[in-house]
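Accompanying notes for the structure given below.
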Amino acid sequence: MDPNASTIKEAGVSSTTAQEPAGRRASAFGGRRRSSAVVDEAPAAVFEASALNADDRRLAEMGYVQVYKREFSWLSTVSFALSISGLFASVSTTFVYPFEAGGASSVVWCWLISGFGCYCIALSVAELVSAYPTSGGLYFTCKYLAPEAWVPEIAWLTGWLNLLGQIAGAASTEYGCAQLLLAAVSMAGDFNGYAPTDRQTVGVMAAFTTLHAVLNSLSTAALEKMTKTYVIFHLAVLFACCVTLLAMCDYKHTSSYTWTTVVDNSGWYPEGWSFVFGFLSASWTMTDYDATAHIAEEIKDPEIKAPWSIAIALGFTWIGGWLFNIVLAYCSGDPTHTLGNVVAQPVAQIFYDVIGRNGGIFFTVAACFILNFTAMTAIQAGARTIWAYSRDEMLPLSRIWYKIDKRTDTPIIAVWLFCFCCVAINLIGLGSYTAISAIFNLTAIALDWSYCIPIICKLAFGKFERGPFHLGKFSVPINVWAVIWTAFVTIIYVMPIIRPVTKENMNYVVVLMAAVAIFSIGYWYAAGRYYYVGPRVKAQLIIGVEGEGDGKAFSSEGSTEEKRVA
């Protein structure tokens with residue numbers, strides 16, 4: 001390495017930090033066997049600072065080579081962040097949980113309370129993303145937040161939790177797309193006669209997933225154009241639905257009933273315990289906060305746009321979702337009738353009862369369309385995650401998943417791997433909806449703890465150096481509440497929602513959590529510890545060396561490439 005590389009010390013990244021993993025890599029492989037996960041042993045690429053723009057230079061400071069084209073603008077980045085929650089559609093598919101737990105009042109209050117806890121997590125994530133904007137998301141931040149000796153183990157656990165949570169989340173979204181579309185079909189027959197089977201739901205899910213895989217195989221520019229149209233359509237549908245329901249519902253509940261009456265349909269006692277199951281709707285909707293971080297290397301000015309997009313989108317999801325839930329609560333009608341919907345979609349029943357068949361079909365299909373956007377963005381984020389982890393040689397066969405298609409400059413193989421995993425998980429629905437529900441329940445647990453681990457490291461070790469977006473004096477209390485809230489809501493995640501508990505309604509997520517822990521720890525001791533040393537250095541930035549003005553930089557293959565001088 002050129003001795004002048006020691007001049008790297010910009011944007012709060014010291015030269016020691018930037019080069020540290022390279023040294024660790026050399027020592028880590030001493031006496032260790034090679035694994036199929038290892039991409040190669042090529043030296044890090046070396047770049048002159050003047051040859052890079054500000055975004056690519058910051059990425060090089062963190063040890064990575066810019067691969068993607070930065071096509072995402074402010075509008076498309078905010079739209080992407082908003083689409084990952086799929087507010088209108090996600091509320092439509094999760095409304096059943098608070099409504100069943102405590103009726104209209106649970107719907108109203110649980111979203112407000114749970115939404116605040118979720119927003120604290122989102123702000124904590126945004127703060128970390130601003131400081132370390134890479135496709136690895138919060139997994140990568142462990143490199144800077146955890147003690148050097150613990151980085152491999154902490155990053156390994158965080159990475160696997162995040163990846164498994166993203167796969168389960170995307171799978172549940174695809175399954176929800178199929179449920180909404182088939183609910184509209186059933187509504188066309190006035191909910192008489194046709195009720196979708198598990199095979200039909202899984203079949204439609206597989207078709208949707210394949211479509212989304214094809215679309216995600218396009219270039220970043222094409223994905224950006226599709227993404228930025230989403231926010232306008234979503235807001236228009238949400239506003240139109242709220243106005244239509246309020247204008248056409250002639251049997252709205254009173255404010256006293258909506259805000260204060262608890263109607264327990266879950267079987268749990270006391271009613272206060274049943275009531276808290278309503279927290280699940282907001283927690284399942286407001287998740288995958290770092291999805292925008294996983295496209296950070298495709299965003300212009302990611303240190304600013306990515307975190308602000310997370311804060312804006314999740315803030316809107318919290319308040320906008322609360323208002324939408326209030327409208328649904330006022331128009332929900334008799335709980336027994338609404339919950340008795342043959343397709344288990346109470347919001348579809350509300351649409352049908354208030355607006356009529358044609359209007360109900362329109363808004364149900366609109367919800368399906370919006371959820372399709374959510375699935376698309378989830379797959380894009382998930383594919384970038386697989387690619388980023390493979391760049392750090394974390395996954396088996398990393399050399400395959402790390403490949404970038406020359407025609408689109410996107411990781412197409414990673415896209416199809418991610419979609420294959422989603423379909424494989426959903427095939428469980430052919431045998432047991434209870435089992436697949438537990439997998440979907442795992443989504444929020446795995447993702448939220450993959451965020452809380454870096455947040456805990458930030459609080460415990462004091463190594464954090466903030467970026468342009470930060471929480472100032474509120475950072476610590478917001479971080480602390482994010483962790484406390486996650487610990488509290490995890491207890492609710494693992495409890496059965498309905499009593500009496502039977503094998504059909506049992507929540508088996510505890511079994512899955514144990515399986516994930518056994519897999520992660522077992523794979524670490526069986527293979528991971530032999531080759532994985534945490535996020536690696538793929539690039540080195542040289543500043544102020546002789547010949548800096550000649551506009552040349554060295555590639556990882558050792559050849560020289562002409563670079564435009566910034």
Side-chain angles (χ1 to χ4, degrees), residues 20-41 63 132 134-169 290 294 382 384-402 414 417-418 421 424-425 439 442-443 445-458 460-461 463 486 490 509-538:
E20 170 189 318
R24 292 195 57 189
R25 174 175 181 166
S27 61
F29 276 100
R32 291 183 171 182
R33 64 180 173 82
R34 284 294 301 257
S35 166
S36 61
V38 177
V39 177
D40 54 43
E41 290 293 343
Y132 315 108
T134 74
S135 294
L138 261 65
Y139 146 84
F140 174 80
T141 67
C142 297
K143 171 181 175 181
Y144 292 94
L145 300 176
E148 176 185 347
W150 298 355
V151 168
E153 290 84 355
I154 293 177
W156 179 271
L157 179 60
T158 301
W160 277 109
L161 281 174
N162 188 267
L163 181 57
L164 292 173
Q166 285 194 67
I167 292 172
D290 74 331
H294 293 298
R384 274 41 172 188
T385 303
I386 290 177
W387 178 85
Y389 290 2
S390 298
R391 174 172 60 185
D392 290 336
E393 304 169 17
M394 175 179 162
L395 304 180
L397 303 177
S398 285
R399 58 169 58 89
I400 297 176
W401 321 130
Y402 183 65
L417 171 64
F418 189 85
C421 293
I425 286 178
I439 292 175
L442 181 65
T443 300
I445 298 176
L447 286 176
D448 286 358
W449 280 108
S450 76
Y451 308 141
C452 283
I453 291 173
I455 293 171
I456 292 172
C457 290
K458 171 182 178 287
F461 303 117
K463 298 178 63 178
T486 300
T490 299
V509 72
V510 174
V511 178
L512 294 176
M513 288 173 61
V516 170
I518 292 172
F519 167 80
S520 180
I521 296 172
Y523 186 33
W524 169 258
Y525 281 102
R529 64 193 177 109
Y530 292 110
Y531 65 83
Y532 181 71
V533 293
R536 299 171 184 259
V537 167
K538 299 294 184 182

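The model shown is predicted, which means the values in this text are computed figures rather than measured ones.
- Rounding to the nearest 0.5 angstrom, the gap separating the CG atom in Leu164 from the OG atom in Ser450 is 10.0 Å.
- Minimum interatomic distance between Ala155 and Tyr532 (heavy atoms only, all atoms of both residues): CB-OH, 3.4 Å.
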Begin with the C-alpha distance, continue with both residues' side-chain angles, and end with the deciding distance and a verdict on ring-ring contact (aromatic ring centres under 6.0 Å, His included) for Trp156 and Tyr523. CA-CA 10 Å; Trp156 179 271; Tyr523 186 33; 5.3 Å; yes
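- With values rounded to the nearest 0.5 angstrom, Leu395 atom CG is found 7.0 Å from Ile386 atom CD1.
- Contact annotation: the side chain of Met394 approaches that of Trp160 to within less than 4.5 Å [non-hydrogen atoms, C-beta and beyond].
- Side-chain contact between Leu138 and Asn162 is absent, with no heavy atoms from C-beta onward closer than 4.5 Å.
- Counting heavy atoms from C-beta on, the side chains of Trp401 and Trp387 never come closer than 4.5 Å.
- The two residues Thr158 and Pro454 make their nearest non-hydrogen contact at CG2-CG, 4.1 Å.
- Annotation for Leu157 and Ser520: closest pair CD1-OG, 4.0 Å, computed over non-hydrogen atoms.
- Arg384 approaches His294 most closely through the heavy-atom pair CB-O, 3.2 Å.
- Note that CZ of Phe140 and CG of Leu145 are 10.0 Å apart. Values are rounded to the nearest 0.5 Å.
- You'll find the side chain of Val151 reaches within 4.5 Å of the side chain of Pro535, heavy atoms only.
- Atoms CH2 and CZ, from Trp524 and Phe519 in turn, are 13.5 Å apart once rounded to the nearest 0.5 Å.
- Atom CD1 of Ile456 and atom OG1 of Thr486 lie 8.5 Å apart (nearest 0.5 Å).
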